[in-house]
Amino acid sequence: MTEVIKVSTPQHTCAVNVTPQVRDVVRKSGVSEGLCLIYVPHTTACVFINEGADPDVVKDILYMLEKLVPWSDSGYDHAEGNSAAHIRSSIIGNSRIVPLSNGDLILGTWESIFLAEFDGPRQRKVVVKVIKED
Ligand code: ZN
């Protein structure tokens with residue numbers, strides 16, 4: 001079963017918690033044991049799993065990514081001007097796999113799934129594929 005979640009990212013750089021929507025897809029699938037693939041089909045957005053309880057954690061991740069991969073750098077060649085967004089997304093990666101048990105995602109107590117936006121605001125897609133264990 002595959003579903004596409006649509007997300008409107010509110011800012012140029014931000015992370016949107018998509019855990020509730022992913023969880024809904026898993027529940028609707030009826031799959032109890034298996035895997036959930038979360039895939040972001042974009043080159044300037046990506047997906048990561050980290051703390052969702054304290055919003056300062058995500059804020060700090062975005063802050064440090066800006067320092068590590070600055071938006072402006074005279075060495076960038078890409079004419080669109082958003083090389084930093086491509087690089088940050090490449091570093092983080094555009095998919096995650098979460099195991100399923102008893103029809104739900106196995107996430108740690110503090111973990112959430114985030115769509116990371118680096119060149120918004122935009123309409124983004126998150127592809128969720130639920131794979132049943134034999
Ligand atoms: Zn570009």
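Every number for a ligand or one of its atoms is a count from 1 in the order of the listing.
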message: Checking side-chain polar atoms at under 3.5 Å, does T44 have a donor or acceptor matched by the opposite partner on N82?
response: no
field: Metal site angle (apex the Zn ion (ligand 1)), OD1 from N82 and NE2 from H86, 10 degrees
entry: 100°
query: Quick check: does E80 have an N/O/S atom under 2.8 Å of the Zn ion (ligand 1)?
result: yes
field: M64 reachable from V57 in the ILVMFWY side-chain graph, under 4.5 Å edges
entry: no
query: When you measure from the side chain of R88 to the backbone N and O of V69, does any donor-acceptor pair fall under 3.5 Å?
result: yes
- request: Check whether any side-chain N or O of Q123 sits under 3.5 Å from a backbone N or O of K6 as a donor-acceptor pair, and report yes or no.
  value: no
message: Of all the N, O or S atoms in H78, which has the shortest distance to the Zn ion (ligand 1)?
response: NE2
query: For the Zn ion (ligand 1), does an N/O/S atom of T44 lie at less than 2.8 Å?
result: no
